[in-house]
Amino acid sequence: SDWSSDVCSSDLGELTKAAKYLSGRYDIDRKQALADLNEFLVSIDLTPAGNGSVMPFEHHAVLEPTSRCSGGCRHCYHSSHGVDWNIEFEKEMPSILQLNNVSSVSITGGEVFSRHYLPRLYDLLQDLRSININVTSISTSGLFFSDEILHNLSKLINKNTVIRISMDTVSSGELINTRPGYLRLQSHLAPLELVFDSGYPVVVTTVVHNKNANEVIKIGEFIRKFDSVQVWNIRSAIATRQKKTRNSIESNFHETVMSE
């Protein structure tokens, strides 16, 4: 709505306008509404901290340079997995961010560490670094990581950049389709172990709609071995119109909770 844009503005005139609206809408003193709005903006602006486990708000942007991904998660919101930014737009992005006073970004996808996009990811990170835009987090399945990738990343991002890992395609059966060459890995969790041991802070998310209780508990047992894991977000449900899927979600979550 119009007033929500006013609330998110740092311009005092716009804040005053938003406070006037809220004062009339909720029958509260206008000065108190303005004070509450200012306090709210301070509390949600995490940009100075650059905390990647919670998205910074003001002067922060979320970049999604590719939607290509081989994970095939049923809860994915992408209708197409074949879209990349065009090269020209990608090269313009740092300038666009500068013009809009963006000081930090989170990068998501798609799978930005897959072979098809990796060279372009390196270029994007280098461009962002050259103009002092901080990368607070990068989202990934973690399944494409290697020693070489981590070595290259060390030159392009800070050590406090959070690696946000979606552990939704980590069973050995699913990995055959997710990562080419999986059968040559010593363990299907080996790429994740590399990430967790790399020194970067990690936030893990797991959606339990397609997992039984034992699978979820095994993930928990695996990640608790690593001090780098800051948070484990377990999501019990996804938006769906399919009754069968919804019932499966509720059943799996109940089973998981009861097992714990």
Side-chain angles (χ1 to χ4, degrees), residues 51-55 62-84 105-118 121 125 135-146 149-150 153 157 161-180 182 185 187-198 200-226 228-240 245 248-249 252-253 256:
N51 187 343
S53 63
V54 180
M55 296 293 187
V62 178
L63 308 183
E64 187 177 283
T66 180
S67 67
R68 295 194 192 191
C69 182
S70 54
C73 298
R74 284 175 18 187
H75 58 274
C76 181
Y77 57 86
H78 282 298
S79 59
S80 170
H81 290 286
V83 179
D84 293 336
V105 298
S106 299
I107 298 177
T108 184
E111 179 52 71
V112 294
F113 289 104
S114 63
R115 288 183 180 178
H116 91 274
Y117 191 74
L118 187 58
L121 174 65
L125 292 174
V135 178
T136 62
S137 69
I138 304 178
S139 298
T140 175
S141 68
L143 301 176
F144 289 83
F145 272 85
S146 64
I149 287 177
L150 288 170
L153 278 184
I157 61 175
T161 298
V162 173
I163 307 299
R164 303 177 65 92
I165 293 180
S166 175
M167 290 189 70
D168 296 313
T169 53
V170 295
S171 69
S172 58
E174 291 172 317
L175 270 177
I176 294 175
N177 294 322
T178 303
R179 171 175 169 156
Y182 139 75
L185 295 176
S187 162
H188 69 277
L189 294 175
L192 296 178
E193 292 174 343
L194 279 176
V195 181
F196 293 156
D197 282 332
S198 66
Y200 293 103
V202 177
V203 171
V204 177
T205 300
T206 304
V207 177
V208 301
H209 73 93
N210 62 342
K211 296 176 176 60
N212 60 44
N214 287 332
E215 287 177 312
V216 177
I217 291 170
K218 283 181 179 179
I219 291 175
E221 291 174 343
F222 171 70
I223 65 176
R224 68 159 50 108
K225 298 184 296 183
F226 302 94
S228 59
V229 179
Q230 293 184 332
V231 180
W232 183 24
N233 297 314
I234 300 180
R235 298 178 181 174
S236 60
I238 57 173
T240 177
T245 303
S248 173
I249 293 168
N252 283 352
F253 183 65
T256 301

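All residue numbers refer to positions in the sequence shown, counting from 1. When reading the values below, keep in mind they use all heavy atoms of this one structure, side chains included, and skip hydrogens, waters and symmetry mates.
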Distance from [X] atom [atom1] to [Y] atom [atom2], nearest 0.5 Å?
X    : Y    : atom1 : atom2 : result
T136 : R164 : OG1   : CZ    : 8.5 Å
S146 : L194 : OG    : CG    : 7.5 Å
E111 : S139 : CD    : OG    : 9.5 Å
L153 : L121 : CG    : CG    : 7.0 Å
S114 : L143 : OG    : CG    : 11.0 Å

Heavy-atom side-chain proximity of [X] to [Y] below 4.5 angstrom:
X    : Y    : result
N233 : T206 : no
T108 : T140 : no
W232 : R224 : no
F226 : V202 : no
I165 : L192 : yes
D84  : H116 : yes

Do the side chain of [X] and the main chain of [Y] share a donor and acceptor less than 3.5 angstrom apart?
X    : Y    : value
T161 : V135 : yes
T66  : G109 : no
E64  : G110 : no
S228 : F196 : yes

Inset, instruction - Would you tell me whether S166 and T205 have side-chain atoms, one donor and one acceptor, within less than 3.5 Å of each other? - result: no

Legend entry - Exercise: identify the closest heavy-atom pair between G142 and P191: O-CB, 3.4 Å

Inset, instruction - May I ask you to check whether Y117 and F113 place their ring centres under 6.0 Å from each other? - result: no

Inset, instruction - Could you check L150, V162, I138, V195 and say which one makes a side-chain contact (heavy atoms from CB on, under 4.5 Å) with Y200? - result: L150

